[in-house]
Structure formats: C-alpha cells, structure tokens
Amino acid sequence: MPREAEPSANEKAFLLKALQDEQIRLDGREFDQYRPLELTFGEEYGVANVSLGKTKILAKASAEVTVPFADRPLDGIFTIATELSPMAAPHFEVNRPAETEVLLSRLLEKTVRRSGALDTESLCLVAGQKCWSVRVDVHVLSHDGNLTDAACFAVVAALRHFRKPDTSMENGVLTVYTPAEREPVPLGWLHSPFCVTWSFFGDEGETALLDADWMEEQVRVASVTISLNRHGEICQIAKLGGVPVEAVALLQCTSVALTKVKEFSTYLDGKLAEDAKRRDKGGFMAELRAENDRIVG
Amino acid sequence: MSTESPLVVLPGETIDPSLIPTHKKNPLRLGPGLRHIPPSEIVPTVAGQLVVDHRKTSMWIEYNGGRYIPSQGDLIIGQIARSATDFYYVSLSPYTPNATLPHLAFESATKKTRPQLASGELVYARVSLANRHMDPELECVNSSTGKADGLGPLKDGMVFDVSLGFARRLLMAKSREEGKVEVLEALGEEGLAFETAVGRNGKVWVCSESVKTVVVVGRALRETDEKGLGVEAQRKLVKKLVREMR
C-alpha cells in the first residue's frame, strides 16, 4: 500500500511563510476565492461532471424499484456511495476506506440525506411493498484538494438533473413507463445544500482560507466544513479536531459561506436552465411540422 | 547544431534507412528511446520526435513522458525520505522505489563532518547508477574531481513540478535556441533576483529573498509548461506577471 506523498520541508515552510508574512497564496487567489468551478451535464439524465481547479468529480444518479425498509414503509431509499479509488490519487485503495473516504461519505450523508434535501416520501410507490431506491455514485477522477465541496456540488447537481421514470397506479396494478412512453419526471427536491470548507493555518488558527488545494491541505492545522442552503439554513457544521479556533472567526466564516452558497446556487440554476433549453425539442408543435430544412445554395 | 528532422515516430515503426547517419570510422550511437535489434534493425520504443545528429553520428527520440525513469548522469532534485546506517533513502518521484545516497557522497565529507539531513529536505544530486533491475543510486559530488559543482542540500526556496520534457528543455545548454525556453532569462531581465536548480525528474527549485519573486517565477514556469507557450508568448507572460506583482 503506497503511503501518501508528503510535500518537502522546503515547500511547507515556504507556503506558511507566504501565507502568514506576505498574505499571498501560491496560485495568486484571494483568501476567500474559489478555484474556477465548471459543471457539465452528461447526455443521460443524472450525470454531473464537476471540476474545481484540478479536482474533478463525476456523480451519477440512478433509480430502481425495490422493497422499502420494514421500519419505514412509507419512505423510499436514498443512498450516496463514495468510493475513492487509485484513479483519484495513488495512495487510495479500493475496499479499504481511508480516513478521507470515511469523512467524505459522512459529510455528504449529513448534508444531503439527513437534511431532507430529497423528499423520500415522494419515492414511495406502494406502501410497504414497492418504492424507488435512488442511488448517487460519486467518482473522484482527480484529487487536488477540497473533495468535500466539489463532491457535494456534484451530488446536488446530479440529483436535480436526474429524471425518474413516470409511474401510475390503477386498480392495484403499478405501471412503470419507459422514457419513450412517457417523459421522465424530476425528483421531489426540497432545498439545495452546499458545503463550504475553511482551512486554518498558524499556531492559533489565525489565517483562514477557502478551498484549499492539495498542498495547502497538507499544511493546514484545522478545518471546518459548513453545510447550508441559500436561505441561510445550516445543515451541519463539522470541525473534526485540529487547533482550536476563535468563536468569532467561526461566525465570520459562516457568513462568508452563505455568500458563496448563494453564488453556487445561482450558478447551478443557470446551468440547469441552459441544459433544459438544450434538450427542449419544441414539444408537440415541433414534432408535427412538415417543413423541409432550407437548403443554403 | 543538430539537424532537426520534424519526423514523429510511434513505437515499433520502422525507420527509413536513408535517415540513419553513417560514418566511415565512428559507430552509430543510439540515444534514449531507440533500441537496436541485431543485426540491423533500429526500432523506436517511445512516441516522439526523431532527432538525428550527423556530426556526432547519433540519433535519439525527444519525448515527453509522464513518469521519470532514472538514467546515469542525470541531475535530479530528490526529497530525503529517511536515513539508514550508511546512506539516505531519497525519493525521486512519489510512489516509486527510493534511491540511495551514501552519507559520505558529499564534498569533503568524513564520518564526523558530513551534512546531517533530516527527512523532508531537498538535495540536488546526480544519478550515479541506474538500471532496470536495481534501485537507483545518487551522489552529491563529482567522484573524479571530488568537487560538488553545485550539488548538495537545497535550503529554503520552493520547488515546483513541471513536465519531464520541459525540464529537459530547461537543462539544455542552448535553451533559448534549441529548447525555445526563455522564461528564466526574461524574468532575470525584468530585474528579479533569484536562483534556480532544475531536476530532470520534473522539479524546479527556486529561491529568492522576496517571497513574491518566487511565486512569480513559479507561476511563469507552470503556465509556460501547461500551455506550451512559444518564445514570444513567454515574454508577454513574464511582462504581465511582473506588472501584476508591482
């Protein structure tokens, strides 16, 4: 099992010196600036490709009909699977969850599942017998720091983009229509939570940065992940160990996080609208047209 | 000056015999990327540009690989992983076997006066032994003269990752004409004071009094490498970065 590559002593010392004495980051970003965020949707519904600088994540949402859990007959099943493989970075192993992987899946679980972003009651088909099981697979294609924020964005984008097949209940018979028979319908979505991760540096955690890349993550002394939606409703705040940070600083971090989440939300809405327009085939009237395409001579 | 034939070859292709330089007395020398299959076949093993030098009767392939493969005589920047009884274990690239650097392979080093290097420190060394079957070995001193020639531990500064092809171009004697790399000279002309060491394993160490200078040099190197800028574009990039810095 390869151990994670460690940056050299020179690099660590230089990074800290640049941050604390000169207040500059190595790639010239501001302390509260994210790397360029890009989102593309796949041809299929529910495939979201997110890249945050050199960190690239692919999330795929899918659904199938199964039996609901015995203790929750009126709810559907919703799972998020994150498995870090050597594709992300050579020191990850399949089937042997490293600390990063466990933390990532816990944060995504709390942010998206426990906050009720997806209405699981709307996934129920026949109480106690049939329900939808929605599953999101998160694949990390490249790891350059800040997997949490990028993964959460990808999961939310994939779920909002996803369409499940339409169903109908008649006389106790459940019919699931194929996409050719009836247009698939979107999931019952309540709110869009996003994660914002702050990293702290210095003996007392005085310097705070948003969106640390891999090198900065190796040198940081503490980190806080705040999950909230654009209405300011906080889903969770996770600070798992590390150097203690001033409470006032944490409150400031939360308010800046709200601004960033609003930006994410607007960006995601824009991308979804653009994708919908691209897929819109004009509806019934477009299908009934009998005109030939004009030939440009 | 080698004659450049802009011929791109793929592994396993046959090379046109008219391109192979011949000389009455000097035998043909094959450089990296070519393999000789007796009696008379020469086959490329990597994809790249075939370069032929008639004056030295040699031919080789210029290629930009991903993983560094140590070869004898290369100058590299390594990171000390740990120290054993008689030598240091030095990592040349992450997730590859470590190279060994003897404790006494430094200029005028004896058991009492040798440099004590801690784990994580950087050294500029030369590869003294490298073949497929053994872990590579390094030295920080020229074994015939006993002088260091600039090799040894690198203190302070910052190291940046670049691609292998770019590192090779930086190390060329005539980097401006043959390698088309002018970034470092242009940065010096703008008045920045810094020193660099280039490792063939894709690492460039930069040190300067001012932190901003190092950051600017690092960004200039990275962008030239990632975007494959030509000489003119490199000058423009340097001017832009220096202006932003001031």
Side-chain angles (χ1 to χ4, degrees), chain A residues 1-31 33 35-36 38 51 53-56 84-94 96 98 100 141-145 201-202 207 209 213-219, chain B residues 66-67 77-82 89-98 117-124 153-161 194 196-197 199 201-223 226 237 240-245:
Chain A
M1 176 181 75
R3 283 178 52 206
E4 188 166 4
E6 274 235 4
S8 60
N10 301 41
E11 290 172 283
K12 289 189 195 170
F14 182 78
L15 207 122
L16 286 173
K17 194 165 137 197
L19 275 178
Q20 292 178 299
D21 297 341
E22 308 271 335
Q23 318 284 319
I24 44 179
R25 289 171 94 161
L26 285 188
D27 48 8
R29 282 187 284 158
E30 297 293 329
F31 279 21
Q33 188 183 354
R35 287 169 285 181
E38 279 167 31
S51 75
K54 287 193 188 152
T55 300
K56 297 196 198 316
L84 297 179
S85 71
M87 184 162 52
H91 62 272
F92 290 131
E93 272 184 52
V94 197
R96 194 187 286 208
T100 348
L141 305 175
S142 161
H143 175 27
D144 190 32
F201 300 82
T207 320
L209 293 185
D213 61 19
W214 183 82
M215 181 74 69
E216 289 166 347
E217 270 188 6
Q218 300 299 313
V219 186
Chain B
R67 172 164 293 194
I77 295 181
Q79 181 177 333
I80 308 271
R82 62 183 192 282
Y89 283 111
V90 177
S91 158
L92 299 183
S93 44
Y95 313 112
T96 52
N98 289 336
L117 297 174
S119 159
E121 285 190 27
L122 296 170
V123 278
Y124 198 37
L154 296 169
K155 293 259 179 285
D156 300 325
M158 175 70 182
V159 65
F160 297 99
D161 289 329
F194 57 91
T196 56
N201 54 336
K203 298 206 187 288
V204 178
W205 174 82
V206 182
C207 180
S208 168
E209 289 275 324
S210 131
V211 164
K212 280 197 186 151
T213 311
V214 178
V215 172
V216 163
V217 173
R219 276 182 67 188
L221 285 171
R222 259 213 186 114
E223 292 210 15
E226 279 172 17
L237 170 71
K240 187 181 84 142
L241 286 174
V242 171
R243 217 180 10 200
E244 272 173 31
M245 184 180 89

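Each chain gets a letter, A, B and so on, in the order its sequence line appears, and its residues count up from 1.
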Looking at B:Val215 and A:Arg25, what are the two nearest heavy atoms and their distance?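 So the minimum-distance heavy-atom pair works out to CG1-O, 4.5 Å.
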Contact part of A:Asp21 toward chain B, heavy-atom cut-off under 4.5 Å: side chain, backbone, both or neither?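 For A:Asp21, no heavy atom lies under 4.5 Å from chain B.
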Given side-chain contact (heavy atoms from CB on, under 4.5 Å), test B:Val211 with A:Ile24 step by step and report yes or no. CA-CA 9 Å; B:Val211 164; A:Ile24 44 179; 4.0 Å; yes
Which region of B:Lys155, side chain (C-beta onward) or backbone (N, CA, C, O), has a non-hydrogen atom less than 4.5 Å from a non-hydrogen atom of chain A, or is it both or neither?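 The backbone, not the side chain.
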Are there over 12 heavy-atom neighbours, none belonging to A:Gln33, within less than 6.0 Å of that residue's CD?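 Yes, enclosed.
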May I ask you to name which of B:Pro94, B:Gly218, B:Cys207, B:Gly157 has the most heavy-atom pairs under 4.5 Å with chain A?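 Answer, by heavy-atom pair count under 4.5 Å with chain A: B:Gly157.
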Starting at OG of B:Ser210, measure out to CD of A:Glu22 and round the result to the nearest 0.5 Å.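 Going from OG on B:Ser210 over to CD on A:Glu22, the span is 6.5 Å.
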Using heavy atoms and a sub-4.5 Å threshold, report which of residues 8-17 of chain A line up against chain B, by residue number.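 Checking residues 8-17 of chain A against chain B gives A:Ser8, A:Ala9, A:Asn10, A:Glu11, A:Phe14, A:Lys17.
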